[in-house]
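Worksheet: the structure to be examined is printed underneath.
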Amino acid sequence: MVSSRALSSTGAGSSRGVLRRASGASVVAGRAGSAIKQPTRLRPHRAYVRDNKTEQTDGDSDDQGVWLNGNGNNGNGNGVLSSSGVTDEAMAAKSQVAFEELQSFLKRQGARGASSKDVLSRIQSPVEGEMQQQTDGLRNIVGERHPLLSAASEHLFQAGGKRVRPLIAILVAKATRKLYGLADVTSEHIRLAMITEMIHTASLVHDDVLDDCELRRGNSTVHSLYGTRVAVLAGDFLFAQSSWFLANLNNLEVIKLISQVIADFADGEIAQASSLFDVDITVEKYLDKSFYKTASLIAASCRSAAVFSDCTEGEKSLMYDYGCNLGLAFQIVDDILDFTQTEEELGKPQGQDLASGNITAPAILVLEQSPRLRELLKEDRLQSEGSLQEAMDLVFQKGGIEKAKDLARHHGDLALRSLDVLPECEEKESLQLMVEYVLERIS
Ligand code: IPE
Ligand code: IPE
Ligand code: MG
Ligand code: MG
């Protein structure tokens with residue numbers, strides 16, 4: 001029995017718990033027939049609701065549990081989340097069906113075998129022009145400030161990440177415009193896309209300080225080049241710049257949504273820092289943390305794109321759900337790769353998450369079955385010779401990687417389902433392929 005927790009509250013008692021959880025955990029069968037323990041429900045909570053009383057917030061009866069069920073209704077008509085009362089076996093069967101559907105979808109897309117880069121350029125093809133506009137905008141965004149700050153920010157933008165977040169925002173923008181028979185995105189959509197990349201970049205600068213990481217985007221990190229003080233200020237500067245651009249969008253709903261993301265990022269990083277070597281960490285806590293760190297930004301930007309397309313509440317909510325589940329899959333995959341990729345592929349030592357006490361999905365999902373793994377993490381804190389290797393080996397042997405892959409695929413599947421509302425168009429296909437792109441990295 002996992003007790004529900006008000007994740008946080010802001011202001012005059014308004015709750016903004018993100019992923020409401022309640023009692024119990026369901027067993028969901030994965031591809032290899034492995035049974036993995038999953039949170040009974042993962043509810044993309046209305047995180048964007050602060051004082052917007054028109055939205056559904058807490059106090060609803062879902063503490064009894066909602067989880068994936070094809071017939072369910074999460075209040076926005078997409079049928080992704082269901083009410084409780086479904087047996088574990090039924091859940092497992094449904095999840096298996098969902099997984100098979102996902103596999104067949106991926107097959108239809110014929111993207112298997114293509115490199116990640118190829119897939120990404122296919123995804124981008126319907127919005128090349130818009131992506132170019134946002135990239136040009138980003139170059140000028142830093143402005144004339146202190147040369148050191150400008151140098152630090154420039155360094156990052158030039159190094160160039162994959163720009164996945166602006167891409168998602170623009171794809172949602174264009175696809176939702178098509179719901180209303182409109183072909184082009186607005187200048188607000190482009191600005192929104194730029195803002196998402198700025199916030200993401202700022203969060204990476206701070207994350208690398210916290211994780212003491214030397215390399216990012218194939219380059220030395222800001223803190224390793226300029227020192228921690230400059231890195232903290234450079235991150236703050238980018239957050240502040242993004243707030244300025246955000247305010248200039250003149251849309252209160254979007255301002256609330258996106259400003260929440262910045263607070264969520266800090267929340268997630270603090271949750272992570274305060275749970276190092278905590279062997280009692282649950283999957284639910286891990287998913288909460290991952291939502292705050294990573295999924296919140298993607299979810300909020302998808303919803304914001306729908307806001308600027310004048311979508312209905314149901315459509316906005318589904319776009320939020322898409323971003324939320326895609327973001328969770330993204331973080332789970334990133335955490336798996338920390339175990340499975342080589343130092344060369346990662347650009348940092350393999351197993352660094354575990355070594356630093358950051359216990360992620362592959363380890364969490366096997367902790368109960370391995371007293372030795374618990375001991376290594378809890379008592380030894382991986383200090384003794386060979387203990388990291390032993391712990392990594394245990395995660396592999398006990399099937400932690402496969403279980404975490406199942407969890408990532410499950411969220412990928414949920415993300416796909418939220419897209420049903422969109423009209424058939426190439427942007428929708430790209431959003432579907434984006435799920436493939438994320439999951440492809442672990443296939
Ligand atoms: C890295 O995100 C941080 C995580 C959320 C895991 P990306 O992999 O999108 O980073 P860039 O922007 O391409 O460098
Ligand atoms: C994700 O956390 C980073 C942010 C959301 C800022 P990680 O620490 O897992 O990401 P990487 O591995 O450094 O990219
Ligand atoms: Mg990191
Ligand atoms: Mg980190």
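For ligands, and for the atoms within them, numbers begin at 1 and follow the listed sequence.
Ligand 1 has at least one atom lying under 4.0 Å from a heavy atom of L204. Within the structure, ligand 1 has T294 among the residues with a heavy atom less than 4.0 angstrom away.
Of the protein's heavy atoms, H200 NE2, 3.4 Å lies nearest to atom 10 (O) of ligand 1. Among protein heavy atoms, the minimum distance from atom 6 (C) of ligand 1 is reached at D334 CG, 3.3 Å. In this structure, the protein non-hydrogen atom closest to atom 11 (P) of ligand 2 is R216 NH2, 3.6 Å. Nearest non-hydrogen protein atom to atom 14 (O) of ligand 1 is R217 NE, 2.8 Å. Of the protein's heavy atoms, D211 OD2, 2.7 Å lies nearest to atom 8 (O) of ligand 2.
For the Mg ion (ligand 3), protein N, O or S atoms under 2.8 Å: 2 in total.
In the candidate list D207, T201, N358, L297, D207 is nearest to atom 3 (C) of ligand 2, counting heavy atoms. Comparing E197, K162, R441 against atom 13 (O) of ligand 1, the shortest heavy-atom distance belongs to K162.
For the pair R417 and Y322, the cation-pi test (distance below 6.0 Å, angle within 45°) is failed.
With a heavy-atom cut-off of 4.0 Å, D353 does not touch ligand 2 at all. When heavy-atom distances to ligand 1 are checked against a 4.0 Å cut-off, Q331 comes that close only through its side chain, counted from C-beta outward. Of all the heavy atoms of R165, the ones lying under 4.0 Å from any atom of ligand 1 belong exclusively to the side chain.
Between E269 and K293 there is no salt bridge, since no side-chain nitrogen of the basic residue lies less than 4.0 Å from a carboxylate oxygen of the acidic one.
Note: F308 and H189 have perpendicular aromatic rings, judged against thresholds of 30 and 60 degrees for the angle between ring planes.
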